[in-house]
*Asks:* 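Take a look at the following structure, please.
This one's a predicted model, so the numbers in the text were calculated from it and none came from an experiment.
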Amino acid sequence: MLDYGLDLSGVEYDLALPDLVAEGDELDALVSAQSDWCTPTPAAGWTIAHQIAHLAAADANDLIAIRTPDAFDAVLEQAEAAGSQYADLDAAAGAAKPRSALLEQWRAGRTEVAAALRDIPDGHAFPWSGRS
């Protein structure tokens, strides 16, 4: 597992998870009110659907990392094989789904991630990816 050397000693974990859930709920209210998910966002070439698909894919990867850490290597290998286009390809695939299906996938993933994070014992680590 990568160690990014982040000092998390000041993180109040009892507040972090409820904040994460509240942030997801707030974003859900915003995007649910939008009838046209083809609206561009500040990310070049990405629409609302791309953004939600990206979040849904991240949630799926979170669950793999938390529940089956050894299987997370396959996620990293897939990302490495796609290179810099990984996020774009993943978002485009998700954005092609019907709005209702994508919204439900994202909602279900958010709920599962929150439950999985709630069950992680203090100090337990799981693999992740990102830039050092």
*Asks:* Search all heavy atoms of P127 against all heavy atoms of P69 and return the closest pair with its distance.
*Replies:*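 Looking at all heavy atoms of both residues, the shortest contact is CD-CB, 3.6 Å.
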*Asks:* Is there any side-chain hydrogen bond (donor to acceptor under 3.5 Å, both in side chains) pair reaching into residues 15-27, and which pairs are they, with sequence neighbours excluded?
*Replies:*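 Every pair satisfying side-chain hydrogen bond (donor to acceptor under 3.5 Å, both in side chains) with a residue in residues 15-27: D25-R110.
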*Asks:* Quick one: side-chain hydrogen bond (donor to acceptor under 3.5 Å, both in side chains) pairs with a partner in residues 45-67, sequence neighbours left out?
*Replies:*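 As it turns out, the side-chain hydrogen bond (donor to acceptor under 3.5 Å, both in side chains) pairs with a partner in residues 45-67, which skip direct neighbours, are T41-Q51, W46-D88, T47-H50, R67-E112.
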*Asks:* Return the minimal non-hydrogen interatomic distance between D90 and A57, and the atom names on each side.
*Replies:*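 Distance-wise, the nearest heavy atoms are OD2-CB, 3.0 Å.
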*Asks:* Do L102 and L27 sit in the same hydrophobic cluster, where Ile, Leu, Val, Met, Phe, Trp and Tyr count as joined when their side-chain heavy atoms come under 4.5 Å apart?
*Replies:*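 Linked, L102 and L27 end up in one cluster.
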*Asks:* Which residues pass the side chain to side chain contact (heavy atoms under 4.5 Å, CB included) test with A114, not counting sequence neighbours?
*Replies:*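 A114 satisfies side chain to side chain contact (heavy atoms under 4.5 Å, CB included) with L17, V21, R118 once adjacent residues are dropped.
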*Asks:* Quick one: list whatever passes salt bridge (charged side-chain N to carboxylate O under 4.0 Å, His left out) with R107, sequence neighbours left out.
*Replies:*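 Checked R107 against salt bridge (charged side-chain N to carboxylate O under 4.0 Å, His left out); matches are D28.
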*Asks:* Report the residues that fulfil side-chain hydrogen bond (donor to acceptor under 3.5 Å, both in side chains) with T39, sequence neighbours left out, ordered by chain and then residue number.
*Replies:*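 Checked T39 against side-chain hydrogen bond (donor to acceptor under 3.5 Å, both in side chains); zero matches.
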*Asks:* With a 4.5 Å cut-off on side-chain heavy-atom distances among I, L, V, M, F, W and Y, is there a chain of contacts connecting L20 to L63?
*Replies:*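 Both belong to a single hydrophobic cluster.
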*Asks:* Only counting residues at least two apart or in another chain, list the ones meeting side chain to side chain contact (heavy atoms under 4.5 Å, CB included) with Q34.
*Replies:*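 Here the qualifying residues are W37, I48.
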*Asks:* Measure across A95 and A53 and return the closest heavy-atom pair with its distance rounded to 0.1 Å.
*Replies:*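 Minimum heavy-atom separation between A95 and A53: N-CB, 3.6 Å.
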*Asks:* Which residues pass the salt bridge (charged side-chain N to carboxylate O under 4.0 Å, His left out) test with E104, not counting sequence neighbours?
*Replies:*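 E104 satisfies salt bridge (charged side-chain N to carboxylate O under 4.0 Å, His left out) with no residue once adjacent residues are dropped.
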*Asks:* Could you give all pairs that pass the ring pair (Phe, Tyr, Trp, His ring centres under 6.0 Å) test and reach residues 69-96, with sequence neighbours left out?
*Replies:*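 Non-adjacent pairs meeting ring pair (Phe, Tyr, Trp, His ring centres under 6.0 Å): F72-W128.
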*Asks:* Step through the shown structure and confirm whether more than 12 heavy atoms of other residues, nucleotides or ligands are within 6.0 Å of CG on D36.
*Replies:*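 Yes.
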*Asks:* I120: what forms a side chain to side chain contact (heavy atoms under 4.5 Å, CB included) with it, not counting sequence neighbours?
*Replies:*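 Counting only residues at least two positions away or on another chain, I120 forms a side chain to side chain contact (heavy atoms under 4.5 Å, CB included) with I66, L117, H124, F126.
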